[in-house]
Amino acid sequence: MSQLKIFNTLTREKEIFTPLLAGHVGMYVCGPTVSGESHLGHARPYITFDVLYRYLLHLGYKVRYVRNITDAGHFEEEGREAEDKIAKKAVLEQLEPMELVHKYTSLFHWAMQQFNTLQPSIEPTATGHIVEQIGMIEQLITAGYAYVVNGSVYFDVKKYAASHDYGKLSGRVMEDLFEGTRELEGQEEKRDRADFALWKQAAPEHIMRWKSPWGIGYPGWHIECSAMATKYLGARFDIHGGGMDLQFPHHESEIAQSTICNHESPAKYWMHNNMITINGRKMGKSYNNVIKLTELFSGSHPILEKAYSPMTVRFFILQTQYRSTLDFSNEALQAAERGWKRLWEAYAWLQQEVLQGGAEAKDKILDEKVNKLVDELEDFINDDLNTAKVLANLFELVPIINGIKDKHIAADALRAGTIDKMKKRLKVFVEDILGLMGENAKENKYLEGVMELVMELRKDARRQKDFATSDQIRNKLAALGIQLKDEKDGGMSYTLE
RNA sequence: GGUCCUGUGGCCGAGUGGCUAGGCAGAGCUCUGCAAAAGCUUCUACAGCGGUUCGAAUCCGCUCGGGACCUCCA
């Protein structure tokens with residue numbers, strides 16, 4: 001039996017996962033900034049870490065999964081006039097910051113539910129932890145690693161770097177950070193260009209503002225994650241995850257702050273998912289190529305040829321190992337859609353069917369193959385969550401399952417034990433770990449009943465060779481997006497578009 | 001400019017130095033009242049040039065191409 005190995009950004013190696021506290025796992029994942037709608041790019045980390053969370057639970061760990069909601073603004077552009085992202089947009093949209101934040105938080109939750117992600121154990125908000133953030137900043141000042149200028153507080157990176165390895169996580173070279181080609185405008189408050197804000201004084205027009213020992217202001221970019229992770233997971237915890245783009249400066253700075261306050265490096269394993277690209281280009285606000293999740297599900301973005309269901313997207317994301325970039329295209333999504341449908345139909349049939357396997361395998365070679373394919377699933381997921389390989393094996397099982405269904409393969413070609421194992425393991429992997437689910441499952445019982453009736457009528461028509469009627473039924477349903485399929489034994493099934 | 005990643009068949013994507021990844025699409029066949037679905041078969045690649053090696057998609061070097069981070073970002 002293999003052990004779970006995960007790629008640790010800190011060491012750039014795959015390491016065997018061993019929790020700090022036996023049986024428990026503390027996991028922190030950087031959540032969304034809810035100043036706008038979630039987009040396709042957001043889907044990747046939350047689905048990736050959902051699979052990790054599910055897998056850890058499956059392994060029997062008691063997991064505390066913390067994923068924050070960033071609802072306090074950060075700087076739009078460091079050095080310029082402090083512009084709170086949320087506050088700025090709120091003015092434009094004539095909304096209260098909290099109203100805006102609430103709207104996008106709800107939308108985010110809705111999208112995550114569509115993706116069938118499990119809820120984190122705790123989902124703390126930045127605005128709900130101002131006190132903790134101020135407390136941490138005070139600690140940093142007391143320790144001598146932060147300084148106050150005009151009501152703002154900055155972290156002294158140079159001082160930290162003298163005794164710590166700032167840049168370790170992101171592979172940054174200190175000299176490059178300090179030797180700025182040129183001072184950016186409005187940075188005169190900082191002692192060094194590498195320093196970062198812990199607290200910013202709020203300009204009068206700033207809507208989001210809190211009282212602090214340094215005056216009215218709002219928290220800096222990185223402090224919320226340090227404060228909340230410390231509060232809920234302790235000084236040192238197991239896993240910290242997020243997108244690769246957060247490695248620097250966000251996570252690097254988080255490590256620095258937490259290390260000074262807690263006297264140890266916060267996370268044992270740092271995990272970073274790669275980006276989703278569109279036509280080879282990273283999706284991002286600055287590139288103007290953002291596909292929002294609502295647009296993706298409804299097909300309303302100009303890039304999209306059609307709507308793609310949440311499960312199609314989830315499947316699409318899982319078809320790639322999380323550390324590789326994933327390129328989006330209509331062609332790739334449509335391929336995923338078909339593949340996903342085929343996989344699920346074979347899987348669902350297997351689950352609901354009672355098969356009589358043999359006491360001995362009639363086809364020993366096939367039996368061995370099935371066992372191998374099933375056994376390997378665990379090795380693949382253990383190998384830094386290689387969901388791509390897990391899915392490849394599942395696909396290799398599909399023709400075998402369909403072969404049994406179509407009676408090309410006799411059920412007793414396989415041992416009863418093999419069939420049982422395949423059935424159970426597939427359920428664990430497909431549903432529990434990969435978090436995939438049938439999209440027809442949510443249809444209501446009335447439709448189910450009506451379809452039964454319609455299919456009976458069509459079967460009658462076919463028996464009487466009344467093909468005009470049978471074709472009419474099939475064609476009209478097809479126009480509604482319901483596809484009928486005649487089966488070998490005279491049975492009939494349907495799938496919804 | 002600095003740091004780093006990457007270049008696989010029509011498309012997407014796994015690949016631990018030696019053995020078929022897988023998916024989608026295409027072609028042929030089987031099944032079928034016709035379809036659809038499914039099954040079987042098939043097409044089949046490792047950017048280029050050198051090097052290491054008995055043997056490289058996999059290691060090294062160079063060239064060319066793509067990307068990420070250094071600034072908000074999943």
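In what follows, chains carry the letters A, B, and so on, assigned in the order in which the sequence lines appear, proteins first and then strands, with residues in each chain numbered from 1.
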Span that lies between the [atom1] atom of [M] and that of [N], in whole angstrom:
N	M	atom1	result
B:U53	B:C5	P	26 Å
B:G61	B:C43	P	37 Å
B:A45	B:G23	C1'	16 Å
B:U58	B:C46	C1'	10 Å
B:A25	B:C11	P	16 Å
B:U63	B:C69	C1'	25 Å
B:C59	B:G7	P	10 Å
B:A36	B:U20	P	33 Å

Would a line drawn from the ring center of A:His240 to the ring center of A:Tyr269 be shorter than 6.0 Å?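 Not under 6.0 Å, so no.
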
Verify whether the ring centers belonging to A:Phe297 and A:Phe115 lie closer than 6.0 Å. yes

For a quick test of reading the model: is some side-chain N or O of [X] closer than 4.0 Å to OP1 or OP2 of [N]?
X	N	result
A:Ser324	B:A14	yes
A:Asn402	B:G39	yes
A:Thr33	B:A74	yes
A:Arg172	B:C69	no

How would you label the contact of [X] with the nucleic acid (heavy atoms, under 4.0 Å): base, sugar-phosphate, or nothing?
X	value
A:Met244	nothing
A:His272	nothing
A:Leu484	base
A:Lys389	sugar-phosphate
A:Gly171	sugar-phosphate
A:Glu396	sugar-phosphate
A:Phe395	sugar-phosphate
A:Val290	nothing
A:Arg462	base
A:Gln247	nothing
A:Asp327	sugar-phosphate
A:Ile276	base
A:Asn386	sugar-phosphate

Using the salt bridge (Lys or Arg N to Asp or Glu O under 4.0 Å) rule, pick out the option among A:Arg314, A:Lys306, A:Arg342 that qualifies with A:Glu337. A:Lys306

Of the nucleotides B:G13, B:G39, B:C34, which has the atom closest to the A:Val398 side chain? B:G39

Where the side chain of A:Arg281 is defined as all heavy atoms beyond and including C-beta, which of B:A14, B:A37, B:G67 is the nearest nucleotide?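 For the A:Arg281 side chain, the nearest candidate turns out to be B:G67.
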
Could you check A:Cys30 against A:Pro249 and say which one's nearest nucleotide on RNA chain B is further toward the 5' end? A:Pro249

Nearest-nucleotide 5' precedence on RNA chain B, A:Ser170 against A:Asn393: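 Here A:Ser170 is the residue nearer the 5' end.
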
Flag the pair A:Asp367 / A:Asp363 as yes when at least one side-chain heavy-atom distance between them is below 4.5 Å, and no otherwise. no

Tell me: CG of A:Leu169 to P of B:C4, nearest whole Å?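 Distance, rounded to whole Å: 15 Å.
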
Cation over ring, A:Arg323 on A:Phe7, under 6.0 Å and within 45°? yes

Measure distances between side-chain N and O atoms of A:Asp486 and base N and O atoms of B:C34, and say whether any donor-acceptor pair falls under 3.5 Å.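 Flag set: donor-acceptor pair detected.
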
Watson-Crick/G-U partner (both atom distances under 3.5 Å) of B:U3: B:A68

Which of parallel (below 30°), tilted (30 to 60°) and perpendicular (above 60°) describes A:His272 and A:His251? tilted

Check for a donor-acceptor pair, side chain of A:His164 on one end and backbone N or O of A:Tyr166 on the other, with a separation under 3.5 Å.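 No: the side chain of A:His164 does not pair with the backbone of A:Tyr166.
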
